[in-house]
A.B. asks: 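One structure, as structure tokens, below. Some questions next.
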Amino acid sequence: MDLSEFKQQLQRKKEVYLSLKVRPNAAMTALKDIMSDETVKIDIAAKPEQGKANAVLIKFLAKEFGIAKENIKMLSGVSERLKLIKIIK
């Protein structure tokens, strides 16, 4: 299980949208699952307070996709577990 399909889409279309379900307060930040509706489940090793978990999430995604953090935009779900993310190349 990995994000290769989404990475290929980013290469082809120069942008990709991710539907995420995050779980803060996890032991470590890691990709957990890709559900049948293509929602990506990610554990976040940070508390969901003062944007800490979102910052760790963006850093994780930037590393996974090999892009700058500035190329990741949180379109919805800033204070929720379900998030919509846009990544541009």
Side-chain angles (χ1 to χ4, degrees):
M1 163 190 52
D2 63 14
L3 297 171
S4 60
E5 182 178 324
F6 299 106
K7 291 175 184 178
Q8 290 172 5
Q9 184 178 346
L10 180 63
Q11 292 297 325
R12 285 192 318 271
K13 297 183 177 180
K14 305 299 182 204
E15 70 178 16
V16 66
Y17 292 86
L18 296 177
S19 175
L20 303 179
K21 184 172 185 178
V22 298
R23 186 176 69 105
N25 289 324
M28 62 183 282
T29 299
L31 174 67
K32 296 308 285 182
D33 193 16
I34 299 176
M35 300 165 56
S36 62
D37 65 355
E38 293 192 343
T39 297
V40 179
K41 292 174 78 173
I42 299 176
D43 282 356
I44 304 295
K47 293 184 182 214
E49 55 190 31
Q50 300 171 347
K52 292 177 185 174
N54 287 338
V56 171
L57 172 64
I58 288 172
K59 183 178 178 182
F60 172 78
L61 291 173
K63 183 178 177 186
E64 283 291 313
F65 283 88
I67 59 167
K69 293 185 283 188
E70 293 76 24
N71 291 5
I72 299 173
K73 304 293 181 222
M74 195 169 298
L75 302 178
S76 67
V78 171
S79 60
E80 301 171 18
R81 290 179 185 233
L82 295 176
K83 302 178 183 300
L84 179 61
I85 303 288
K86 180 181 181 180
I87 301 174
I88 58 175
K89 184 147 178 112

A.B. asks: Pair up each side-chain donor or acceptor in residues 1-16 with any protein partner under 3.5 Å, not counting sequence neighbours, and list the distances.
C.D. replies:
| unit_1 | atom_1 | unit_2 | atom_2 | d |
| --- | --- | --- | --- | --- |
| Asp2 | OD1 | Ser4 | N | 3.1 |
| Asp2 | OD1 | Ser4 | OG | 2.9 |
| Lys7 | NZ | Glu64 | O | 3.1 |
| Lys14 | NZ | Gln11 | O | 3.4 |

A.B. asks: At what distance, to the nearest 0.5 angstrom, does CD1 of Ile85 lie from CE of Met74?
C.D. replies: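 Going from CD1 on Ile85 over to CE on Met74, the span is 4.0 Å.
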A.B. asks: With rounding to the nearest 0.5 angstrom, report the CG to NZ distance, Asn71 to Lys86.
C.D. replies: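 Answer for the CG-NZ pair, Asn71 versus Lys86, is 10.5 Å.
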A.B. asks: Only pairs at least two apart or in different chains count here, so list each side chain to side chain donor-acceptor pair (under 3.5 Å) that has a residue in residues 28-38.
C.D. replies: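 For residues 28-38: Asp37-Thr39.
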A.B. asks: Do you reckon Leu84 sits in the same ILVMFWY cluster as Ile72, going by side-chain contacts under 4.5 Å, direct or chained?
C.D. replies: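 In one cluster: no.
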A.B. asks: Show me the donor-acceptor pairs within less than 3.5 Å that the side chains of residues 41-55 make with the rest of the protein, sequence neighbours left out.
C.D. replies:
| unit_1 | atom_1 | unit_2 | atom_2 | d |
| --- | --- | --- | --- | --- |
| Asp43 | OD1 | Arg23 | NE | 3.0 |
| Asp43 | OD2 | Arg23 | NH2 | 2.7 |
| Asn54 | OD1 | Lys83 | NZ | 3.0 |
| Asn54 | ND2 | Val78 | O | 2.8 |

A.B. asks: Please name the pair of heavy atoms, one in Glu80 and one in Val22, separated by the smallest distance, quoted to 0.1 Å.
C.D. replies: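 In terms of heavy atoms, the two residues are closest at O-CG2, 4.4 Å.
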A.B. asks: Might you work through the side-chain contact (heavy atoms from CB on, under 4.5 Å) test for Leu18 and Leu61, ending with a clear yes or no?
C.D. replies: CA-CA 10 Å; Leu18 296 177; Leu61 291 173; 4.2 Å; yes
